[in-house]
Amino acid sequence: MASNRPVRVRFAPSPTGMLHIGGARTALFNWAFARSCGGKFILRIEDTDTARNTPESLQSILDSLRWLGLDWDEGPDCGGDFGSYYQSERLPSYQAAIARGLQEDWLYRCFASAEEIEVQRTLAREAKCNWRFDEASRNLNQADAAARAAAGDPFVLRFRMPMAEDITFQDHIRGTVTFASQGIEDWVAVRGNAMPTYNLVCALDDAAMEISHVIRGEEHLVNTPKQILIFRALGVPEPEFAHVPLILGKDGKKLSKRTGDTALGDYIRAGYAADALFNFLCLLGFSIDDKTEIFTREELLEAFTLKRISKSGAIFDTDKLAWMCGDYIRRMSLPELVSAVLPYCIEAGLVAQDASADEALQNMVGAFQERFHLYSEFPQQAAGLFGALPDWDDQARKALAGEGAALATSQLADILEKANWPPEDFKALVVTVAEDLEVGLGKVMKPVRAALTGTLGGPELERILQILGRERVLRRLRELPTAARS
RNA sequence: GGCCCCAUCGUCUAGUCUGGCCUAGGACACCAGGUUUUCAUCCUGACAACAGGGGUUCGAAUCCCCUUGGGGUCACCA
């Protein structure tokens, strides 16, 4: 298993949709492995399914990978010595292998129609055994088969599996894995339309691109013996394998649309911090030690090893992800956070395009920094501080409708109007009002907060005062209590 | 169902390979306190797991077997 080949790993998405969370993590592990041992990380586009490919998918996959902070040494956009990195452009290179397979008889023409195969399958199932191949086709001699093909009989090319042979390989994560060839049918390697299938081209490309380690999702474990047989038929070195556990949804099954957002793009749009998602994805099935939760990319690369990837599937826990995002946000510098949050503010129509240097915005973000987990939550929470008047939530309305609320706020307004701005000791002023009205502090604080912000939670009122400015504070204290009740 | 993989708190995990240091550690969530005018943050504490059964051994979460449970996969998709 320990070959001395230069480390070359690849991530090979097919551009038929958005990048899946699981795919993102697979890419991440490949990247981390390459970067941690000085190897190359290659991006290969598996676009042999021409009917389902879309250019938008490809673009969004590349965007998602970049958003995560991954970079690659060879790929569709940057080229490399082993191109093309689009399988659709590598068709000629497959032809040689297919011809050789036919020549060497590890590929053979199968003339049984799909319907006939289906019948055979059903029969086999009834006999409680696996369908393995169409006997007539498998036993046809090469000359006769070639003749039939020349005569125009439709056929596919199947891989001739050994009759009885154990195919064993070492997996970096699973250990020794063995499949019996009896359990694997003579799979279709080339379709009736002459297009090669996944298992063939995947192995062919891994061989041609001199991939040293195949790190991919566990769902590919069952494909591995098929691909290994291709390497052996070709007489090229087999890559080492590492099958990473699946990411599961809340239901414990492979993460799917049913159980929540599955595309990385959904999380990007929702306002998760890239570094946090990166960190979190690493922790799904991998750990540095018994304590470390938050780490930098450098620390990851320092510690990364396939040995520390766990074997069992992990449920995608959005609660912990949200916590981690909040933690990253709290650690960010203010300018950094402002620019991260700005697009969401613009989208919410709260600020202008060029508001990043706006001092007021900086103050607001600072005031809310420890209060939100997703970038998109900031405009929601701070919305009340932007316009002329806030929207009051139910609790705020209740507070403003309370007995004495209007009196308290307007009295505070009167005091503020006469005091210096900003007041040296705001709390003392509030206490004065409370004593004057002979009510508890809360009877004043709550309506004031409600009047100023439209909600009962939030940053310290001193900061709110500073953010709103004298005029708006006075106006909100005087007008809102009445307006909110209507 | 066949084949393959997996199995520690509700969740992510450490510990498993190289049995003893495990009275099973950390984190998220939850709960209870404290700080805070509020919310959040922060601090303290509580709750909470080796799937079951057999072996092997002086000793098993760790090694072996069986059972059970979960997952993946069974296409001319990738």
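Worth saying up front: this structure is predicted, and the values here are computed from it rather than measured. Per chain, numbering begins at 1; letters A, B, ... match sequence-line order.
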- Given B:rA78, B:rC3, B:rG2, which nucleotide is nearest the side-chain atoms of A:Phe179? B:rC3

- Have a look at A:Thr48 and say if it touches a base, only the backbone sugar-phosphate, or nothing, with a 4.0 Å heavy-atom cut-off. sugar-phosphate

- Message: Need one value for A:Pro459: base, sugar-phosphate or nothing, where a base atom within 4.0 Å counts as base even if backbone is also close, heavy atoms only.
- Response: base

I'd like a table of donor-acceptor pairs (distance under 3.5 Å, sequence neighbours excluded) in which one partner is a side-chain atom from residues 192-199 of chain A, with atom names and distances.
residue: A:Asn193; atom: OD1; partner: A:Met195; partner atom: N; Å: 2.9
residue: A:Thr197; atom: OG1; partner: A:Val188; partner atom: O; Å: 2.9
residue: A:Thr197; atom: OG1; partner: A:Ala189; partner atom: O; Å: 3.4
residue: A:Tyr198; atom: OH; partner: A:His220; partner atom: ND1; Å: 3.2

- Item | C1'-based separation of B:rC65 from B:rU57 [nearest Å] | 16 Å

- Task: Describe the nucleic acid contact of A:Arg308 in one word from base, sugar-phosphate, nothing, applying a heavy-atom distance below 4.0 Å.
- Result: sugar-phosphate

- Message: Applying a 4.0 Å non-hydrogen cut-off, can you work out what A:Val190 is touching in the nucleic acid: base, sugar-phosphate, or nothing?
- Response: nothing

- Round to the nearest Å and state the distance from A:Arg463 atom CZ to B:rU41 atom P. 16 Å

- Query: Reckon A:Thr455 touches a base, only the sugar-phosphate, or nothing at all at heavy-atom distances under 4.0 Å?
  - Reply: nothing

- Note on the structure: Closest of B:rU37, B:rA7, B:rA75 to the A:Glu462 side chain is B:rU37

- Option from A:Trp131, A:Phe159, A:Trp106, A:Tyr108 for which ring-ring contact (aromatic ring centres under 6.0 Å, His included) with A:Trp187 holds: A:Phe159

- Query: Is the number of heavy atoms from other residues, nucleotides or ligands within 6.0 Å of CG (A:Asp414) greater than 12?
  - Reply: yes

- Query: Distance between the C1' atoms of B:rA48 and B:rA32, in whole angstroms?
  - Reply: 15 Å

- Item | Below 4.0 Å: OP1/OP2 of B:rG71 and any side-chain N or O of A:Lys253 | yes

- Query: For A:Lys128, which contact category applies under a 4.0 Å heavy-atom criterion: base, sugar-phosphate, or nothing?
  - Reply: nothing

- Message: Categorize A:Arg449 for me: base, sugar-phosphate, or nothing, with a 4.0 angstrom heavy-atom threshold over every strand shown.
- Response: base

- Query: Which whole number of Å gives the distance between the C1' atom of B:rC5 and that of B:rC22?
  - Reply: 28 Å

- Item | Sole candidate of A:Asp205, A:Asp206, A:Leu43 that passes side-chain contact (heavy atoms from CB on, under 4.5 Å) when paired with A:Arg10 | A:Asp206

- Query: Say you pick atom P in B:rC42 and the same atom in B:rA49; how far apart are they, in whole Å?
  - Reply: 27 Å

- Using a cut-off of 4.0 Å on non-hydrogen atoms, how would the nucleic acid contact of A:His220 be classed: base, sugar-phosphate, or nothing? base

- Item | Spacing between A:Lys250 atom NZ and B:rU11 atom C1', to the nearest angstrom | 8 Å

- Check every strand shown and say whether A:Gly442 touches a base, only sugar-phosphate, or nothing at a heavy-atom separation below 4.0 Å. nothing

- Item | hbond_proxy A:Arg174 side chain to B:rC5 base (donor-acceptor, 3.5 Å cutoff) | no

- Query: Where does the angle between the aromatic ring planes of A:Phe316 and A:Phe280 fall among parallel (under 30°), tilted (30 to 60°) and perpendicular (over 60°)?
  - Reply: perpendicular

- Item | Nucleotide of B:rU41, B:rG72, B:rC17 approaching A:Lys307 most closely (side-chain heavy atoms) | B:rC17

- Query: Which value, in whole Å, describes the distance between the P atoms of nucleotides B:rU62 and B:rG20?
  - Reply: 11 Å

- Between C1' of B:rC3 and CH2 of A:Trp131, the distance in whole Å: 16 Å

- For nucleotides B:rU18 and B:rA60, find the distance between their C1' atoms and express it as a whole number of Å. 15 Å

- Query: Base, sugar-phosphate alone, or nothing: which one does A:Arg125 contact when heavy atoms must sit under 4.0 Å apart?
  - Reply: nothing

- Query: What distance, rounded to whole Å, do you find between the two C1' atoms, one in B:rC64 and one in B:rC17?
  - Reply: 15 Å

- Item | Pairing partner (Watson-Crick or G-U wobble, both distances under 3.5 angstrom) of B:rG19 | none

- Contact class for A:Leu461 vs. all strands (heavy atom < 4.0 Å): base, sugar-phosphate, or nothing? base

- Message: Taking A:Asp275 first and then A:Arg297, would you say they form a salt bridge - that is, a charged N and a carboxylate O separated by under 4.0 Å?
- Response: yes

- Message: Taking any heavy-atom pair under 4.0 Å as a contact, classify A:Glu293: base, sugar-phosphate, or nothing.
- Response: base

- Message: Check the orientation of A:Phe304 and A:Phe33. Use parallel for under 30°, tilted for 30 to 60°, and perpendicular for over 60°.
- Response: perpendicular

- Item | Earlier contact from the 5' end, RNA chain B, for A:Glu460 and A:Arg52 | A:Glu460

- Task: For atom CD of A:Glu424, decide whether the heavy atoms of other residues, nucleotides or ligands shown that lie under 6.0 angstrom number more than 12.
- Result: yes

- Query: Rounded to the nearest Å, what distance is computed from the NZ atom of residue A:Lys443 to the P atom of nucleotide B:rU38?
  - Reply: 16 Å

- Counting heavy atoms not belonging to A:Gln395, are there more than 12 under 6.0 Å from its CD? no

- Message: For a quick check of understanding: with a heavy-atom distance under 4.0 Å over all strands, which category does A:Gly192 fall into, base, sugar-phosphate or nothing?
- Response: base

- Note on the structure: When rounded to whole Å, the CD1 to C1' distance for the pair A:Ile315 and B:rA7 reads 13 Å

- Message: At 4.0 Å (heavy atoms only), tell me whether A:Ser310 reaches a base, stays on the sugar-phosphate, or touches nothing.
- Response: sugar-phosphate

- Take atom CZ of A:Arg132 and atom C1' of B:rC3, then tell me their distance rounded to the nearest Å. 13 Å

- Pairwise P distance for B:rA7 and B:rC43, with rounding to whole Å: 33 Å

- Query: How long is the line joining CG of A:Asp290 and P of B:rC12, in whole Å?
  - Reply: 18 Å

- Query: Can you check the A:Asp425 CG to B:rU37 C1' distance for me, whole Å?
  - Reply: 13 Å

- Message: Against the six-membered ring of A:Phe111, is A:Arg148 placed for a cation-pi contact (under 6.0 Å from the centre, within 45° of the normal)?
- Response: yes

- A:Arg331 with A:Asp327: basic N within carboxylate O range, under 4.0 Å: yes

- Any side-chain N or O of A:Lys311 less than 4.0 Å from the OP1 or OP2 oxygen of B:rU16? no

- Query: Of A:Lys291 and A:Gly252, whose closest RNA chain B nucleotide lies nearer the 5' terminus?
  - Reply: A:Lys291

- Message: With a 4.0 Å cutoff (strictly under), does any side-chain N or O of A:Thr197 reach OP1 or OP2 of B:rC76?
- Response: no

- Give a yes/no on whether any side-chain N or O of A:Lys427 is located under 4.0 angstrom from OP1 or OP2 of B:rU37. yes

Report all interatomic pairs (protein N or O, nucleotide N or O of nucleotides 28-35 of chain B) with separations under 3.5 Å.
residue: B:rC28; atom: O2'; partner: A:Lys320; partner atom: N; Å: 3.4

- For the side chain of A:Arg371, counting heavy atoms from C-beta on, which of B:rA78, B:rC12, B:rC39 is nearest? B:rC39

